[in-house]
Amino acid sequence: MKTYHPKSLTTETTMQPDTPFSTPTPTQTVEPPTPPTADPLQSMNIAHDALEQEATGIMGIQIYADICAQIIAGQQEIIGELAVDQAKLVEGLSVSYEAGQIHCILSAEPVGVIDKLIAQYQDFFGHAAVEVCKEAVSHLLIKLQQTEIPASLR
Amino acid sequence: MNKPKFIFIYVLSGLMYIWWVVTIAMGTREELTNYLWQAGLAVSAISYAALGLYTSKHWGGLRSGVGKGVFFIALGMLTWGLGQAGWTYFTLAQPDVEVPNAPILDFLYFATVPIWTYGILQLSKATGAKYGLRTLKGKLFALSVFIATSVLSYFMLIVVARGGFNTYFDTSTLPADSLPMWWIAFTDLGYALGDAVNLALAVSIFGLSWKYLGGRFRVPIVVILFAFGLMYIADFFFSYYDGLGTYFNGHWVDLVYLSVVTILAIALLGMDPKSFAQKTVATQTIAEPAEENIPVLQTAAEPVSPPQIPAQPQVITNTPNPSDSTPAFQPSVPNENIPPEIANNGDNNAA
């Protein structure tokens, strides 16, 4: 079994425009309101800030996708391919497993999806499975604020 | 799905229990029925081991911790069953010898110890025992269990059962055609020590996992650990009665061995995840609405409004294409991945 390597993981996030957690896509035209006598440099700074905010939102989603993939990989060492099978049952999470790498696509609120994913494994071995999940993603949780960490992983 | 297999175990073990009761009630000893009962015990152990090996396949076999645990515990039962089969062969070949004297049997029985030790350790990965070792209390608990088990085993298996450590090296009581003393001492002592190690592991894992282990497979794992404790008791009493010279084929100790293989078989079959998979698959799909028999996790989750899925979802690849000279995010640059109807709507909105 190929070991999951986070650095080689390709994660994709599918953004749903109408979901509460959606952020503007790069393809949507964002026209921040500008005063009639706006300084061109100021306009560029505003556009840059908007792009940065977008990138931060996208990176935030990526971390949650990485967390899902890492949890599945950690559980895979314990319960094998069942880890992927159980993850596929989680609403809002699409999982594909190709060439030993796990790809996660989040289509719902990430924190809720992760809680559901952990609950799926908790059904097998109880709190022991939760500890396995925590151990698997401990290096990713430090990148999140305390309020951004799913309740199951605190 | 596993119901026929459970019925097979209950029927076979039930017949063996009834057979034993009838044999003891009739007071038969050193007769064919006693040796055939031993053969039945071997058949039971080997067939139950086959069921366990098949169950390990559903965990990915040797590709997962639980798979390895189930596999090696079943494999240990297989080697034990083969040892029992060899035991039966030699007792039928030499009916006047109640305890066969063959190195192959010693090897097979002795082999079960490290195989079971490895299986228990692999299974402990799922129980959370290692997390119990993180605290000082957990470490002290594990240490005290090992010390207590060592003292208990020395007393029970060596002093009480064999009359002392020196008897393992006393050649005066050995028959002329006996195996070398070093082999007997190695296998007997090694088996006793291995039994003690497995007991210590079983008790430690049970205690360290107490706060962590739960879920569907809690009961089968606890039963497996209990079975190793029962095996320890069976081995002790066998050594004790064999040391006294009062053991015979069909002794009540053999009934304890039958109980061990039966309990292990039921527990290993209880570890089959396929017996539960059908429930979760039927109740959880992304597209279907919530149903009454959905697992708790869905009802406990925060309600999420059904996403309005567009005709073609917009996929954002976070890893930039090195061949692409344009920057990653440019809202003003039309994205060729946008379907025409959405792009036209965007243009209308911009206008």
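Sequence lines set the chain letters: A, B, ... in the order given, protein chains first and strands last, and positions in each chain run from 1.
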Top residue by heavy-atom pair count (under 4.5 Å) with chain B, among A/A129, A/G126, A/A83? A/G126

Looking at A/H127, A/E135, A/E131, which makes the most heavy-atom pairs under 4.5 Å with chain B?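 It is A/E131.
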
Under 4.5 Å to a heavy atom of chain B? For A/Q122 that would be backbone

Please look at A/Q75 and chain B and tell me whether the side chain, the backbone, both or neither of the residue comes under 4.5 angstrom of a heavy atom of that chain. neither

More than 12 heavy atoms of other residues, nucleotides or ligands under 6.0 Å from NZ of A/K134: is that the case? yes

State, without any angle test, whether A/S152 and A/D115 hold a side-chain donor-acceptor pair at a distance under 3.5 Å. yes

B/F141 ring center near B/W210 ring center (under 6.0 Å): no

Ignoring hydrogens and angles, tell me if any N or O in the side chain of B/K125 forms a donor-acceptor pair with the backbone of B/V66 under 3.5 Å.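 Not at all, since once roles are kept as given, no pair shorter than 3.5 Å links the two residues.
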
Please answer whether the main-chain N or O of B/F206 pairs with a side-chain N or O of B/S209 as donor and acceptor at a distance below 3.5 Å. no

What part of B/K68 is in contact with chain A, defined as an atom under 4.5 angstrom from a non-hydrogen atom: side chain, backbone, both or neither?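 Contact with chain A is absent: no heavy atom of B/K68 under 4.5 Å.
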
